[in-house]
Every structure is written in C-alpha cells, then in structure tokens.
Amino acid sequence: MDGPDTYLSKNEEKLLVNWILTCQRRGFPKRIEDLQKSVQNFLKECGRKTPFPNGLPGRGWYRAFTKRHPELSLRTTEAVTQASSCISESDIRRWFKTIEEELISGDYRHILLDDKRVFNGDETNFLLCPKNKKVIYKNVYEIDQGIAKSALTVMFTFSANGSLTPPMIIYPYKRKPPQEILETVPSDWGVGYSDNGWMKASLFFEYIANVFNVYLERNNIEKPVILFVDGHKTHLTLQINKLCQDLGIILIALYPNATRILQPADVSAFKPLKSGWQKGILNWRREHPHLQFTKENFAPQLHKVIQNYVNKQIIVNGFKATGLFPWNENAIDYSKCLGGKTEIVADNNECDSKKNDCAKPLLDYNTFKQLVGEEVIQSFESGQESINSAEKEHLFKIWKYFTDYDFGKTITNDSTLFDIENMDIDIVFNDKSSIQDLSKNN
C-alpha cells in the first residue's frame with residue numbers, strides 16, 4: 001500500500017464515506033473537523049493507538065483520506081448573509097422534493113402516512129426569572145426573586161399525533177447535578193449537564209438512547225420513525241448516526257435557517273409552553289413571596305406547565321402548517337419566504353458575478369428586527385438568549401454585527417463578519433451511485 005498507514009480498515013473507511021453521504025442527503029452537511037472528531041471518537045472507543053496528537057487526525061490524514069476516495073469533494077456552505085431573510089419558496093419546495101426522494105429510495109415514504117411515527121425535536125430555554133409584566137402604578141417595583149438572566153435548556157420532542165415525549169433538562173454543571181435537584185425531576189425525564197448548560201452531541205446521544213427511544217418502546221411505536229430536527233452540529237455525529245440506525249430512528253434536518261417556517265416546535269408548540277411558563281412563575285412568586293426560584297424548583301414547575309398548557313390540537317396544527325404531516329409542501333405559508341432565488345453554493349470561495357449579485361446589499365438592521373421579532377432582539381440585548389441551535393447562532397452573529405458596528409449599516413457579502421476562511425465546509429459526492437446507503441449495509 002502506498003503512503004502511510006491508514007489506521008482504519010477499508011470497511012471502516014467505507015462506513016465513514018457512507019455516513020457523510022447519508023448526512024448530506026438528509027440535510028446534515030459535514031465539515032472537515034466533524035470528520036476528524038468522529039474518527040477521533042471512533043479510535044478512542046476502539047482503544048486503537050495512533051500517532052495523532054490526542055487521537056485527532058490532522059489535515060495530512062484528511063488529504064490522504066480524500067485521495068483514497070476521489071468521489072468526495074469540498075464546497076463552502078451558504079453564507080450567513082443569505083440566512084432566514086433570503087429563504088425562498090423554491091428553496092422550501094426543493095427541500096421537500098429532496099427529502100421525499102431520500103425516503104423513497106430507502107423505502108421509508110410510508111412512514112409519513114402515520115402520525116404516530118413522525119416527530120419534531122428541538123431545544124428551547126426557560127428563564128428562571130422571566131421579564132416582569134408592567135404594573136399599574138408609578139414607582140412600584142417588583143423584587144427580582146430569581147437569578148437575573150439565568151436560564152435552563154430543555155430538549156422537547158413532539159409527535160404529529162399531538163403527543164409530547166418526556167423532555168430532557170440540561171443543567172449548567174461541570175459534574176453531575178446535586179442530588180437534591182435530581183430528586184425533583186420526574187423519573188421518565190432525561191437529565192443532562194454541560195459547562196454552559198447547552199446541548200452538545202454527547203447529550204443528544206444520551207437523549208436519543210435513554211429518553212426518546214425508551215418512550216418509543218414503552219408506547220409500542222412501530223419503527224422506524226422519522227425525527228425532524230434542525231441542522232445543528234450536535235444532531236448527527238458518526239456515533240449518533242450509528243445509534244439511530246440501530247434503533248430505527250431516521251434523523252432528517254430541516255432546511256437551514258427555516259425553522260420559523262418548517263418546525264412545528266417553533267411554529268406552534270413552544271408558544272403556549274413559554275406563555276404558560278411566565279404565568280406559572282408569576283403564580284409561584286405569589287405563593288412564595290419570600291423565596292427565591294431556584295433550579296430545585298424548575299422541574300416541578302415545568303411539569304405543571306406541561307400538564308396545564310400543552311395542547312394536543314395546537315401541536316397537530318403545527319405539523320399541518322409546516323407541511324410535515326400530512327406531508328404537503330403546499331400547506332406552507334410562503335408569504336414568510338422573503339427571499340427570491342438564492343445561490344446555495346459558492347464554489348472555490350468565489351462569487352460568479354453572472355450568477356450571484358454579491359455586491360448587492362441583502363439586509364439592514366430594521367428589516368432584521370422585523371424578521372426575527374422584538375422578543376428575540378430583547379433577549380439578545382439582555383443576554384437571556386442561549387445559543388442552542390444553528391439558526392439562533394446565525395441570528396446572534398448578525399445581531400452582534402449590527403450592535404458592534406453601525407445599526408444603519410447594510411450587510412453585504414464582502415463583510416469581514418463572514419470570513420470565507422472560517423466558513424463551514426460541506427463534503428459532497430460527485431458520484432453517489434458508487435456508494436450504497438449506510439442503512440443498507442447493516
């Protein structure tokens with residue numbers, strides 16, 4: 001064999017290639033670092049020794065890997081400037097067509113006819129001290145009984161039949177949360193922890209294995225099932241892909257930056273939960289005027305809110321409005337799509353002036369505020385918004401750009417905010433017919 005040792009067998013490399021292909025077709029484009037980290041984790045699990053620093057293969061290994069698999073190529077992904085404000089009707093319809101073709105190719109299309117087997121999962125955050133309501137009299141102040149700006153992230157999954165699966169609460173701890181907190185969490189809920197209290201790939205793995213799948217088994221839900229999520233990098237590592245394959249869970253990424261249009265959680269399900277949370281905290285404060293609302297109070301209060309405010313029909317309506325169930329691209333309110341035709345890929349880090357009007361201004365601050373809503377802007381300003389999804393991360397970057405520079409300034413493609421050298425990179429296939437679907441190899 002020419003060149004240095006590969007450290008992975010031909011079959012293992014084929015699994016990697018198939019994983020990249022599966023991710024690409026289901027809306028999870030992989031970057032070079034995603035591939036490197038997945039190989040690092042794989043080698044660590046196998047206990048295999050390599051000369052890689054900390055077990056992480058470098059760019060040299062990557063170049064050799066792509067040389068062995070010339071069917072792989074690179075392309076830069078859509079720039080942040082062409083985010084939610086430029087989603088077009090044709091983008092959404094193309095996504096529906098692509099996903100349907102993928103499901104048909106795997107003989108999964110029939111799953112979309114069963115509302116018990118179609119799900120949408122997403123994270124959201126709940127403030128321990130929600131913003132106070134206005135009071136009637138002047139110079140009257142309510143004592144802040146919570147920790148200002150403190151929030152907890154919760155992973156929810158909703159079913160197209162209107163059901164809510166047990167959630168997972170993610171606590172901001174470096175180690176396992178204190179026992180007095182754990183004892184307050186319902187037994188069928190998940191508990192995770194991370195330094196910043198946000199979702200990460202290992203927590204999503206635990207959620208799928210120990211919360212979502214347990215729900216499917218207990219309720220005798222026929223498998224495979226489809227789980228729509230946003231395209232955040234935490235949602236499909238090589239390890240998560242293998243787990244979902246083994247458990248009969250098909251992960252599909254919603255079209256990038258379009259969750260406000262395509263995600264039932266954002267379109268309908270989260271609204272009554274957030275409203276109920278604010279009301280619930282207000283009632284709690286009235287009942288406990290001299291106590292501080294803490295993490296120990298969080299799970300019991302959230303449980304009450306879920307029982308009182310989750311409405312089955314609202315969830316069902318959300319799936320219908322987003323076209324996910326019944327599967328219907330014509331159900332979308334395309335008036336929310338403010339973009340025209342967009343060029344998704346800019347090859348070789350260059351803009352073809354004949355295809356893309358790269359110098360044309362795309363977004364000003366007033367339009368941005370109208371698109372994302374005053375509530376999101378206020379949460380960014382107060383520091384209350386946790387960045388736990390790809391779309392929120394993009395929105396926060398754009399907001400930060402405006403606030404760091406000039407509110408009236410218009411974003412253009414040559415802005416230094418969108419550094420081409422640091423953009424995400426897709427790994428895509430030139431010849432898809434040469435590789436079999438990963439799900440058909442096991």
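For the pair K320 and F325, the NZ or CZ position fails the cation-pi test of under 6.0 Å to the six-membered ring centre and within 45 degrees of the ring normal.
Counting only heavy atoms from C-beta outward, the side chains of V229 and L254 never approach each other to under 4.5 Å. For the pair P264/D122, no side-chain contact is recorded, criterion being any heavy-atom separation below 4.5 Å from C-beta on. A 4.5 Å side-chain heavy-atom check between T153 and T124 finds every atom pair outside the cut-off. The shortest side-chain heavy-atom distance between F293 and Q301 falls under the 4.5 Å cut-off. Looking only at side-chain heavy atoms (C-beta outward), I314 and Y309 stay at 4.5 Å or farther from each other. Looking at D266 and I261, their side chains never come closer than 4.5 Å, going by heavy atoms from C-beta outward. By the 4.5 Å heavy-atom criterion applied to side chains, E102 and S105 are counted as neighbours. A 4.5 Å side-chain heavy-atom check between R117 and S159 finds every atom pair outside the cut-off.
For the residue pair Y207 and T157, a side-chain donor N or O sits within less than 3.5 Å of a side-chain acceptor on the partner. Using modelled atom types and a 3.5 Å distance limit, the side chains of N41 and S38 yield no donor-acceptor pair.
Look at K295 and E180 and you find no salt bridge, because none of the NZ, NE, NH1 or NH2 atoms lies under 4.0 Å from a carboxylate O.
Taking the six-membered ring for Trp, W277 and F270 have ring centres at least 6.0 Å apart.
Just one of R94, K97, R93 meets the salt bridge (Lys or Arg N to Asp or Glu O under 4.0 Å) condition when paired with E329; it is R93.
Using cut-offs of 30° and 60° for the angle between ring planes, the W95 and W327 rings count as tilted.
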Could you please spell out the steps behind the side chain to side chain contact (heavy atoms under 4.5 Å, CB included) verdict for E217 and N213?
CA-CA 6 Å; E217 298 289 343; N213 185 63; 3.9 Å; yes
